[in-house]
Amino acid sequence: MKAILLVALSLLLVACSEQSTDSTGAVSVAPKVERNRDFAQITRGAKIFTANCAQCHGDIGQGGPNWRQRDASGRFPPPPLNGTGHAWHHPEGWLKNMIMNGSPDGSGRMPAWKESLSEQEINDVMAWFISKWPGEVYEAWYGINQRVKNR
C-alpha cells in the first residue's frame, strides 16, 4: 500500500513540475522546445517592428481588422503576427522570404523589405514576433520548421 501511495505521489509531483498556471488559473504544459531567449535581439526586433511594420500589422502584431476577409480590391488585410494568425503555419525560410521580397505577384500588400532592412534586422523582427507566440503555437511551428529543414 505504501508503495502504491509513493508511486502516486511521485507521478503527481512530476506532473506538477511540468505544468504551471497563469494568472487566470489556466494550466499550461511546460514547453518541450527551448525558445529563443536572446532578449537583446528580441528588443531590437520590437523597435524595428514598431518603426516599419506596426502601421500595417498593428502595434503588437495583432493584424488588420477582418484580416481573413478580402477587401474591395480582392486582397487580404495584413495578418496577425502574434500567433493568432497563420504566420506560424509557415517555416522560417518562407517567413523570411516574404519579408524580404514581399507578396508574390501582387497577391497581397506586403512590400519587399530587402532594400530597407538588413538580413539581421529581418531576423530580429522575426525573433520579436515569434517570441509573442503561445507555447503550443511555437511548438507546432517548430515542428513544421524542423520537418522542412530535414527534407
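Since this is a predicted model, take the numbers as computed values, not measurements. In this chain, residues are counted from 1 in sequence order.
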Pick out which of C56, C53, P65 makes a side-chain contact (heavy atoms from CB on, under 4.5 Å) with P78.
C56

Report yes if some heavy atom in the side chain of H86 is under 4.5 Å from a heavy atom in the side chain of R68; otherwise report no.
no

Do the charged groups of K114 and E119 touch, with an N to O distance under 4.0 Å?
no

Gap separating the [atom1] atom of [X] from the [atom2] atom of [Y], nearest 0.5 angstrom:
X    : Y    : atom1 : atom2 : result
Q146 : W141 : CD    : CH2   : 8.5 Å
S116 : I122 : OG    : CD1   : 9.0 Å
T43  : D38  : OG1   : CG    : 8.5 Å
M100 : E115 : CE    : CD    : 9.0 Å
F129 : H57  : CZ    : NE2   : 8.0 Å
L117 : F49  : CG    : CZ    : 12.0 Å

Looking at [X] and [Y], would you say the former's side chain and the latter's main chain have a donor-acceptor pair under 3.5 Å?
X    : Y   : value
H90  : A87 : no
R44  : F39 : no
N52  : I48 : yes
N97  : G93 : no
N145 : E92 : yes

Mind checking whether [X] and [Y] sit in one hydrophobic cluster, side chains of I, L, V, M, F, W, Y counted as touching below 4.5 Å?
X    : Y    : value
M98  : W128 : yes
V148 : L95  : no
M126 : I60  : no
M110 : I130 : yes

Would you name the heavy atoms of G83 and P134 that are closest together and state the gap between them?
CA-CD, 4.3 Å

Which atom names give the shortest non-hydrogen contact between W67 and P79, and what distance separates them?
CE3-CB, 3.9 Å

Could you walk me through whether N82 and Q62 pass the side chain to side chain donor-acceptor pair (under 3.5 Å) test, one step at a time?
CA-CA 6 Å; N82 62 4; Q62 73 273 20; 5.8 Å; no

Evaluate side chain to side chain donor-acceptor pair (under 3.5 Å) for N123 paired with Q41, printing each intermediate quantity in order.
CA-CA 8 Å; N123 289 339; Q41 181 183 35; over 6 Å; no

With F76, which residues qualify under ring pair (Phe, Tyr, Trp, His ring centres under 6.0 Å), at least two apart?
none

